[in-house]
S.K.: 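First the structure, which I've put down as structure tokens, then a few questions once you've had a look.
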Protein chains: 2
Amino acid sequence: MSFGQRIKELRENKKLLQRHLAASLEIDTPMFSKIERGERKAKREQVLKLAKLLETDVDELLTAWLADKIYDLVKDETTAVNAIKVAETTLKYSKIEKQL
Amino acid sequence: MSFGQRIKELRENKKLLQRHLAASLEIDTPMFSKIERGERKAKREQVLKLAKLLETDVDELLTAWLADKIYDLVKDETTAVNAIKVAETTLKYSKIEKQL
DNA sequence: TTATATTAGTCAAAAAATGACAAGTCTAAA
DNA sequence: TTTAGACTTGTCATTTTTTGACTAATATAA
């Protein structure tokens with residue numbers, strides 16, 4: 001499930017309107033609508049605020065948000081799957097290095 | 001191996017200088033140097049040109065280049081590994097959908 | 001209808017990426 | 001030890017992309 005879909009689901013569960021959350025994020029309703037539909041990407045700090053406002057796990061939202069960004073970056077590339085695998089490997093190695 | 005490292009390796013194998021490739025890409029030498037060291041990212045069209053100039057497989061370079069971009073996007077996130085997995089799954093599903 | 005919620009489209013402002021330029025380091029040959 | 005060439009560093013301007021506000025449109029419900 002995409003970040004926007006998840007936000008919408010959580011918002012509706014809490015019976016909140018777009019304008020409520022938009023106001024909390026200090027953006028207008030059209031902008032919030034676009035974030036919910038994936039037409040625009042939220043900023044990282046907005047994700048953090050939304051996790052609080054929606055009383056949900058911030059890591060769950062950050063994961064969905066970041067996954068959207070990765071997908072967006074690679075979706076038109078034929079080498080996407082390979083590149084993701086390479087990046088994942090690099091990431092794991094870099095984590096091991098940091099432990100040393 | 002990162003994109004920059006691979007470019008440098010291929011360039012040195014062919015006994016080319018940075019200024020040769022920089023000129024072909026119509027950028028200056030400092031800029032090329034930065035791309036090789038990963039301080040700046042190459043543009044997609046520059047990757048294509050480099051594959052021709054260095055007579056190497058374009059998909060190999062595109063993979064390394066894209067992997068760098070993904071790594072850059074996620075490297076500071078604690079949710080990086082999970083997000084990558086989610087993105088990979090989404091990607092695979094989107095490919096199946098396109099086949100229908 | 002009328003009011004409210006959401007979406008669509010356009011444009012300006014802000015932020016990030018890209019590149020040029022000047023000056024620096026490093027190495028090897030003279 | 002100079003000199004020349006290859007490469008790197010730092011800074012600034014330009015271009016491109018992202019973000020957001022605004023207006024207007026659509027949809028839905030009372």
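From a predicted model like this one, the values you see are computed outputs, not experimental measurements. Computed from heavy atoms alone, side chains included, the values below leave out hydrogens, waters and symmetry copies. The sequence lines fix the lettering, A, B, ..., with proteins before strands; numbering per chain opens at 1.
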S.K.: Minimum heavy-atom separation for B/A67 to A/A83, with atom names?
M.R.: CB-O, 3.5 Å

S.K.: What nucleotide, of C/dG19, D/dG20, D/dT9, holds the atom closest to the side chain of A/M31?
M.R.: D/dG20

S.K.: If the test is side chain to side chain contact (heavy atoms under 4.5 Å, CB included), which one of A/T63, A/L50, A/L61 qualifies with A/R6?
M.R.: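 So the option named by the test is A/L61.
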
S.K.: What's the CD-P distance between B/E39 and C/dA17, to the nearest Å?
M.R.: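 Interatomic distance, CD of B/E39 to P of C/dA17: 13 Å.
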
S.K.: Can you identify which nucleotide, out of C/dT6, C/dG19, D/dT8, has its nearest atom closest to the B/K43 side chain?
M.R.: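 So the nucleotide nearest the side chain must be C/dG19.
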
S.K.: Between D/dA6 atom C1' and B/L21 atom CG, what is the distance in whole Å?
M.R.: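 Going from B/L21 (CG) to D/dA6 (C1'), I get 13 Å.
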
S.K.: Without decimals, in angstroms, what is the distance between B/W65 CH2 and C/dA17 P?
M.R.: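 To the nearest whole Å, that distance equals 14 Å.
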
S.K.: Is the shortest side-chain heavy-atom distance between A/Y71 and B/S94 below 4.5 Å?
M.R.: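 A side-chain contact under 4.5 Å exists here.
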
S.K.: Establish, with yes or no, whether the OP1 or OP2 oxygen of D/dG5 is under 4.0 angstrom from a side-chain nitrogen or oxygen of B/Q18.
M.R.: no

S.K.: Please state whether the phosphate of C/dA5, meaning OP1 or OP2, lies under 4.0 angstrom from any side-chain nitrogen or oxygen of A/R19.
M.R.: yes

S.K.: Does D/dC7 have OP1 or OP2 sitting under 4.0 Å from an N or O in the side chain of B/R37?
M.R.: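 No, outside the criterion.
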
S.K.: Output the single nucleotide from C/dT10, D/dT11, C/dC21 whose closest atom is nearest the side chain of B/P30.
M.R.: C/dC21

S.K.: Rounded off to whole Å, could you give me the CG-to-C1' distance for the A/D28 and C/dA8 pair?
M.R.: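 Going from A/D28 (CG) to C/dA8 (C1'), I get 13 Å.
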
S.K.: Please find the pair of heavy atoms, one from B/A42 and one from B/V47, that lie closest to each other, and give the distance.
M.R.: CB-CG2, 4.2 Å

S.K.: Could you give the CG-to-P distance, from A/L17 to D/dA29, as a whole number of Å?
M.R.: 13 Å

S.K.: A/R11 near the nucleic acid: base, sugar-phosphate alone, or nothing, with a heavy-atom cut-off under 4.0 Å?
M.R.: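 Sugar-phosphate: the residue A/R11, judged by heavy atoms under 4.0 Å, touches backbone atoms but no base.
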
S.K.: A/L25 has an atom CG; how far is it from atom C1' of D/dG20, in whole Å?
M.R.: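 My rounded result for the distance is 13 Å.
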
S.K.: Please determine, for the side chain of A/S33, which listed nucleotide (D/dT8, D/dA6, C/dT7) has the closest atom?
M.R.: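 Side chain of A/S33 sits closest to C/dT7.
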
S.K.: Given atom CZ of A/R40 and atom P of C/dC11, what is their separation to the nearest angstrom?
M.R.: 14 Å

S.K.: Identify which nucleotide among C/dT7, D/dC7, C/dC21 has an atom closest to any side-chain atom of A/T29, counting heavy atoms from C-beta outward.
M.R.: C/dT7

S.K.: From C-beta outward on B/K41, which listed nucleotide comes closest to its side chain: C/dT6, C/dT18, D/dT19?
M.R.: C/dT18

S.K.: Ignoring hydrogens and angles, does a donor from either the side chain of B/K34 or the base of D/dG10 sit under 3.5 Å from an acceptor on the other?
M.R.: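 For B/K34, whose side chain was compared with the base of D/dG10, there is a donor-acceptor pair (under 3.5 Å).
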
S.K.: From CZ of B/F32 over to P of D/dT9, roughly how many Å is that when rounded to an integer?
M.R.: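 Rounding to the nearest Å, CZ of B/F32 and P of D/dT9 are 15 Å apart.
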
S.K.: Do B/E88 and A/I70 come within less than 4.5 Å of each other through their side chains, counting heavy atoms only?
M.R.: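 Sidechains of A/I70 and B/E88: no contact.
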
S.K.: Looking at the side chain of A/Q46, which of C/dT7, D/dG20, D/dC7 is the nearest nucleotide?
M.R.: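 Nearest to the side chain of A/Q46 among the choices is D/dG20.
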
